[in-house]
Amino acid sequence: MSHPDQLQKRAVLLSALPNALTVLRILAAPGLSLTRPFSPGFYALYALCGVTDAADGWLARRLGVAGNLGARLDSAADLLFFACAMVRLLPAI
């Protein structure tokens with residue numbers, strides 16, 4: 001593979017990274033419902049979701065790949081994260 005092909009492949013992978021982080025958050029959020037509230041595992045998943053939430057938007061804007069799909073995925077991930085966290089936290093309070 002030539003050098004320009006490698007650069008193009010890297011650019012494609014980088015452009016998909018923000019949406020991949022959002023999908024990771026979508027997959028991790030239900031784990032909040034399965035862990036004990038206020039446990040180290042709960043805090044770790046909560047932190048992972050928070051970091052990916054901040055990183056995906058920042059990366060999308062930084063790389064110039066912000067789009068409609070990413071915005072919709074991000075909204076869905078936020079809603080799922082909030083719902084899973086509340087389902088687990090409200091009964092514990």
Side-chain angles (χ1 to χ4, degrees):
M1 193 182 317
S2 69
H3 185 65
D5 289 339
Q6 289 175 344
L7 290 177
Q8 185 178 12
K9 185 177 181 180
R10 182 175 289 164
V12 168
L13 289 174
L14 277 176
S15 69
L17 186 57
N19 286 346
L21 289 173
T22 302
V23 169
L24 175 64
R25 189 163 80 252
I26 289 171
L27 296 173
L32 291 171
S33 299
L34 303 174
T35 57
R36 193 170 43 93
F38 310 111
S39 68
F42 185 87
Y43 285 129
L45 278 174
Y46 193 90
L48 174 71
C49 289
V51 168
T52 59
D53 188 23
D56 66 1
W58 181 81
L59 276 173
R61 288 186 298 276
R62 177 80 183 216
L63 297 172
V65 294
N68 194 32
L69 174 64
R72 289 178 187 258
L73 281 174
D74 189 62
S75 294
D78 289 343
L79 181 63
L80 182 63
F81 169 72
F82 181 76
C84 290
M86 289 302 103
V87 161
R88 198 60 175 152
L89 286 175
L90 288 179
I93 295 177

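Owing to the predicted nature of the structure, the values given are computational and were not obtained by experimental measurement.
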Only pairs at least two apart or in different chains count here, so list each ring-ring contact (aromatic ring centres under 6.0 Å, His included) that has a residue in residues 11-30.
none
Side chain to side chain donor-acceptor pair (under 3.5 Å) contacts in which one or both residues fall within residues 69-85, not counting sequence neighbours
Arg25-Asp74, Arg25-Asp78, Asn68-Arg72
For residues Pro37 and Leu89, report the shortest heavy-atom separation together with the two atoms involved.
CB-CD2, 4.2 Å
Could you report the tightest heavy-atom contact between Ala55 and Leu21, atom names first, then the distance?
CB-CD1, 3.9 Å
CG of Leu32 to CG of Leu48, rounded to nearest 0.5 Å, is 9.0 Å
Among residues two or more places apart or on two chains, list those pairs meeting salt bridge (charged side-chain N to carboxylate O under 4.0 Å, His left out) that have a residue in residues 79-93.
none
Looking at Pro18 and Val65, what are the two nearest heavy atoms and their distance?
CG-CG2, 4.0 Å
Applied to residues 14-24, the salt bridge (charged side-chain N to carboxylate O under 4.0 Å, His left out) test, sequence neighbours excluded, yields none
Any side chain to side chain donor-acceptor pair (under 3.5 Å) pairs touching residues 34-44, not counting sequence neighbours?
none
To the nearest 0.5 Å, tell me how far Asp56 CG sits from Thr22 OG1.
3.5 Å
Do you know the tightest heavy-atom contact between Asn19 and Gly70?
OD1-CA, 3.3 Å
Determine the minimum heavy-atom distance between Cys49 and Ala28, stating which atoms define it.
SG-CB, 4.1 Å
I need the full list of ring-ring contact (aromatic ring centres under 6.0 Å, His included) pairs touching residues 70-93, with sequence neighbours left out, sorted by first then second residue.
Tyr46-Phe81
